[in-house]
Each structure stands twice: as C-alpha cells, then as structure tokens.
Amino acid sequence: DHVGVIRRSSSLNFELQEDPSFWKDHNVQVVIRIRPLSNLEISTQGLNKCVRQESTQDITWTGHPESRYTFDLVADENVTQENLFNVAGLPMVENCMGGYNSCMFAYGQTGSGKTHTMMGDIDGGTLMGDIVGGTRRHSVNCGMIPRVFEHLFTRIQKDKEARRDEKLRFTCKFSYLQIYNEQILDLLDPSLANLQIRESPKKGVYVENLKEMEVTCARDVIQLLIQGKTNRRVAATNMNEASSRSHNVFTCIIESKWEVQGVAHHRFARLNLVDLDGTERQGSSGAEGKRLNEATNINKSLSALGNVIMKLVSSNGKLVHVPYRDSKITFLLQDSLGGNSKTSIIANISPANCNSMETLGTLKFAQRANFIKNNASVNEVASRDVHTMRIQIQQLEKEVNQMG
Ligand code: ADP
Ligand code: MG
C-alpha cells in the first residue's frame, strides 16, 4: 500500500498527536498527485507519460533533460480519495482540533485534478454515500472537503462525550467565497460582491461582511457546498464566463470552550481549503477586452503566489517584505504562507505528454513551496473566572492568616 508508508498516529486524544514523519517542523507538507491518463489521451497519445514515479516520495520528469524531485508524498493514480484523506486530511482535522490554523490548497493546471481532489463528486446526492449496515460508506469519488467535515464532526462528538465534565462546547462557522478577476464574491450570498479583505490584530486577516454560517454536522456543510455551487453557476453565467476561472476558498472557523478547575479555556482554529484556478498560461489566441482582462488577472494572482513563495524561501527566515498584498489570494492566505498555520499543498499534475511543460512547471513550483517555513502555534487563551478567583483569594487569605 503506497500510502501506508507514511504512518500517522491513530490516537483520537484531544491533545494533538504530532507525526514527525509527515508534519515536518516547518509545518508545510507538499504532496504531488498524478491523475490517471484519460481515455482520450490514451487513444491519441498512447500510454507514454511525462513523469515516472520512483517511490512514494520521488518522481522523475522524463522530458529533456530528465529531472528528479522529492516531496513528502507522491501519490499516483492508484491512490484513492480515501487514501489521500487518511494521509493529508485526518492530520489536518487533528491539527484544527488542537487549535492550529490549517490550510490545504490544490495547485495545478486546468484538468489536472484539483476539483476532483478537493471536492470530488458532489452531485446526485451520492456525496456522503449510503448508510450500509449502520455505517456510512462514502461514494469513492467523494473528495477531501466533505471527508474533512464528516471526520471533524465525528471527532467533535467524541470529544464532547468524553469530556462532559469540562462542559466542552464547539462552534463551527463556514464560509465559501470565490475570487474571480481579483474580486471577491460570497458564494453563500451572491448579493455580496466585491468584498474587501481586512486585517485586525484580533481577527487576523478576514473578509469583511462575508457570510459565516454556523454548521453543526457534515450535512449542513454539504448543503452549503451545493448551494454555493449553484450560486457559482449563476454567477458564471452572469459574468458571461466561458470557463469558470476562479479561486474557490472554503473556510471554517472552529472554536471550542471548556473549563478545568475554574479555568475557562478558549481555543480556535481557522481552516482554509482552497481550489486554486488553473495555472496554465493563457494562449494568446485573440483574447480581447474582458476575456483578456480576465486572463491577465488570473496570471497576476498566480504569479503573485509564486512571488510570495519565492520571497519566503529566499529570505531564509530573515525579516523581509513579502508582497502578500499584490493579489487577493495571497493576502487572504497570508497566514497559511509563512505564517501561523500548518499548510498542505496538493500539487496536481497530468502525466500526459501533451501537458509535459505544465507538469514541469507545477513540479518546480511545488519544490520551491517545499522550502516554506511556517511558525504554527496553538491559538488558545485560558482565563480564570472571577468567582473562582475570589474563592482562591479567600483560601489564600485564610492560609496567610493561619501562618501569621
Ligand atoms: P481541475 O479542477 O484541476 O481543472 P478536475 O478535478 O476537474 O481538474 O479533473 C479533470 C478530470 O479528470 C475530471 O473528469 C476528473 O474526474 C478526472 N480526474 C482528475 N483526477 C483524477 C483522479 N485522481 N482519479 C480519477 N479521475 C480523476
Ligand atoms: Mg477545477
């Protein structure tokens, strides 16, 4: 089993169980996912590929000259949605439960498998699969996002039951936005267009007026995903968008509160799940006006992402200006890139010879991203409530009096 090589703790303790074999100390992991050749590719170009997998961590680009790359995981076409979730999704949920901001983004050219990876099949009500013999069997193509939320809510339920005496409570708020042509559209409330990104010491980077819906189970999230997808289709038509070229950002804020011996704890984590726009260069095939503007913006935002990563990696830990604000996507993901977050990058590639140059570009991007260092720390505050503090003061006074 390919994925079995990377072991993760199966512990469901509330406290985060770090797995050093996968979550390196710089808190960034990079996974390459190779999609299968399509039938059309096989019928037109045969079975030759532009990449050769060497191991679960090594891959060779077989163009000229050949070049070899090493990542945290190279997942070939035999790695299932479930396998990938077990390796990259489960630890992410554990991290969020432990109070770490987490981010996963899918990068790659159009058609390389980003949406398949992040969302998978969500139509036809098969998304969460059927209940078979009392347990839910996912549809095999169900992707990372629905799996993450199903696991998250299972974990929350388990924790709440196990820690009843601590009055453990959770709040999860979900939002779903699209960045198209450098404009932010709320996909849960499409009347809200051109939203602005703000930054505050208390909230960090956030989108002003973005609708945040409280969700209490995976079904709630699925419903919002479907709603967002419908809104997205409407928006695409309104914008006369031939292809749906946009970044899609799914965010969940997970907060927990509990009490131990009169000390109130408050923990929170921001989970960002991102399906980026395709990275391929826009052909100069007579794109004009709006379409040209669209193409320019898309290139701009992805090259801004590349620039941010370049800067982070070359700064080598020194304080330098990182151009996060050059694009909406890098501004929004500021924490996830070089900041307080544990971040996974799934770089999707096509093995087809006709995509060879794009695949090489993605491998190079992923290799650079592999050098990003994040400083993730737990978001938690503990405070004694006033009543308990009074009792403790009285207790101390008594002790002092007795000593005197
Ligand atoms: P992108 O979002 O990057 O444009 P898609 O996720 O839409 O690409 O994938 C393009 C096509 O390839 C879809 O039909 C998808 O179902 C298929 N595909 C992508 N990755 C895989 C995979 N790992 N296994 C099977 N089919 C895949
Ligand atoms: Mg897609």
Side-chain angles (χ1 to χ4, degrees), residues 2-3 31-45 47 49-51 53 56 59 71 73-89 104-124 126-127 138-147 176-180 187 225-226 228-233 235-236 241-250 273-283 294-295 298-299 301-302 305 329 344-355 357-359 361-363 365-366:
H2 266 109
V3 178
V31 174
I32 300 293
R33 190 178 204 194
I34 316 167
R35 74 153 161 79
L37 286 168
S38 71
N39 290 336
L40 180 68
E41 285 162 351
I42 293 171
S43 66
T44 52
Q45 313 166 52
L47 291 167
K49 295 180 184 175
C50 67
V51 286
Q53 187 177 15
T56 53
I59 184 168
F71 298 99
L73 175 70
V74 175
D76 69 8
E77 62 263 41
N78 297 316
V79 170
T80 63
Q81 299 281 63
E82 186 183 8
N83 292 152
L84 195 67
F85 169 73
N86 285 338
V87 176
M104 177 181 284
F105 63 87
Y107 181 96
Q109 75 179 112
T110 298
S112 60
K114 297 179 299 297
T115 305
H116 176 79
T117 295
M118 297 307 283
M119 192 68 74
D121 283 353
I122 73 162
D123 285 326
T126 57
L127 179 63
H138 286 102
S139 124
V140 287
N141 281 328
C142 166
M144 188 62 76
I145 294 174
R147 284 173 199 270
Y176 177 10
L177 64 84
Q178 168 180 287
I179 305 176
Y180 172 79
L187 284 177
L225 291 177
I226 292 170
K229 207 181 161 194
T230 312
N231 289 338
R232 196 181 158 194
R233 209 172 293 131
E241 195 184 355
S243 55
S244 55
R245 308 216 46 128
S246 57
H247 306 298
N248 284 271
V249 182
F250 309 83
L273 301 156
V274 186
D275 185 350
L276 289 174
D277 183 23
T279 55
E280 66 278 5
R281 255 177 223 98
Q282 304 294 304
E294 179 188 310
I298 285 149
N299 281 340
S301 80
L302 280 168
L305 178 63
I329 191 73
S344 310
I345 299 167
I346 315 275
N348 294 82
I349 58 171
S350 157
N353 275 328
C354 61
N355 292 320
M357 291 321 286
E358 285 297 340
T359 291
T362 299
L363 289 170
F365 171 90

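Please read these numbers as outputs of a predicted model, since none were measured by experiment. Whatever order the structure lists ligands and atoms in, that order sets their numbers, starting from 1. This chain uses plain numbering: 1 for the first residue, then up along the sequence.
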Checklist entry - Does an N or O anywhere in Thr117 fall below 3.5 Å from an N or O of ligand 1? => result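 No, no N or O pair falls under 3.5 Å.
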
Item to check | Arg35 N/O under 3.5 Å from ligand 1 N/O | outcome: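 There is no such contact.
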
Specify the protein heavy atom at minimum distance from [atom]: its residue, its atom name, and the distance to 0.1 Å.
atom: atom 3 (O) of ligand 1; value: Lys114 NZ, 2.7 Å
atom: atom 1 (P) of ligand 1; value: Gly111 N, 3.4 Å
atom: atom 8 (O) of ligand 1; value: Gly113 N, 3.1 Å
atom: atom 7 (O) of ligand 1; value: Thr115 CB, 4.3 Å

Checklist entry - Which is closest to atom 20 (N) of ligand 1 by heavy-atom distance: His116, Arg33, Gln109? => result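 Checking each option, the heavy atom nearest atom 20 (N) of ligand 1 is found in His116.
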
Checklist entry - Should Gly278 be listed as contacting ligand 1, given a heavy-atom distance under 4.0 Å as the test? => result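 Under 4.0 Å: no for Gly278.
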
Next on the checklist: Measuring from non-hydrogen atoms of Gly108 to any atom of ligand 1, is the shortest distance under 4.0 Å?
Outcome noted: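 No, Gly108 has no heavy atom closer than 4.0 Å to ligand 1.
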
Give a yes or no answer on whether the side chain of [X] reaches the backbone of [Y] with a donor-acceptor pair at less than 3.5 Å.
X: Thr56; Y: Val74; result: no
X: Arg33; Y: Ala106; result: no
X: Gln81; Y: His116; result: yes
X: Gln178; Y: Ser246; result: no
X: Thr359; Y: Ser350; result: yes

Checklist entry - Is Ser38 touching ligand 1 with its side chain, its backbone, both, or neither, if touching means heavy atoms under 4.0 Å apart? => result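 Under 4.0 Å from ligand 1, Ser38 contributes no heavy atoms.
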
Item to check | Inter-residue atom distance Asp277.CG - Ile179.CD1, 0.5 Å rounding | outcome: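 It comes to 10.5 Å.
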
Checklist entry - Taking NZ, NE, NH1 and NH2 as the nitrogens, is one of them in Arg245 or Glu280 under 4.0 Å from a carboxylate oxygen of the other? => result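 A salt bridge links Arg245 with Glu280.
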
Checklist entry - Have Thr117 and Asn348 got a donor and an acceptor in their side chains that come within less than 3.5 Å? => result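 A donor-acceptor contact under 3.5 Å links the two side chains.
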
Checklist entry - Any idea which atoms of ligand 1 are less than 4.0 Å away from a heavy-atom of Thr110? => result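 Every atom of ligand 1 under 4.0 Å from some heavy atom of Thr110: 4 (O).
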
Next on the checklist: Using the side chain to side chain contact (heavy atoms under 4.5 Å, CB included) definition, which of the options Asp275, Leu177, Leu273 pairs with Val249?
Outcome noted: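 Considering Asp275, Leu177, Leu273, a side chain to side chain contact (heavy atoms under 4.5 Å, CB included) with Val249 is found only for Leu177.
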
Checklist entry - Do you see an N/O/S atom of Thr115, backbone or side chain, under 2.8 Å from the Mg ion (ligand 2)? => result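 Coordinating: yes.
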
Next on the checklist: Among all the protein's heavy atoms, is there at least one whose distance to atom 11 (C) of ligand 1 comes out below 4.0 Å?
Outcome noted: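 No, because not a single protein heavy atom sits under 4.0 Å from atom 11 (C) of ligand 1.
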
Checklist entry - Any protein heavy atom under 4.0 Å from atom 17 (C) of ligand 1? => result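 For atom 17 (C) of ligand 1 the answer is no, since every protein heavy atom stays at 4.0 Å or beyond.
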
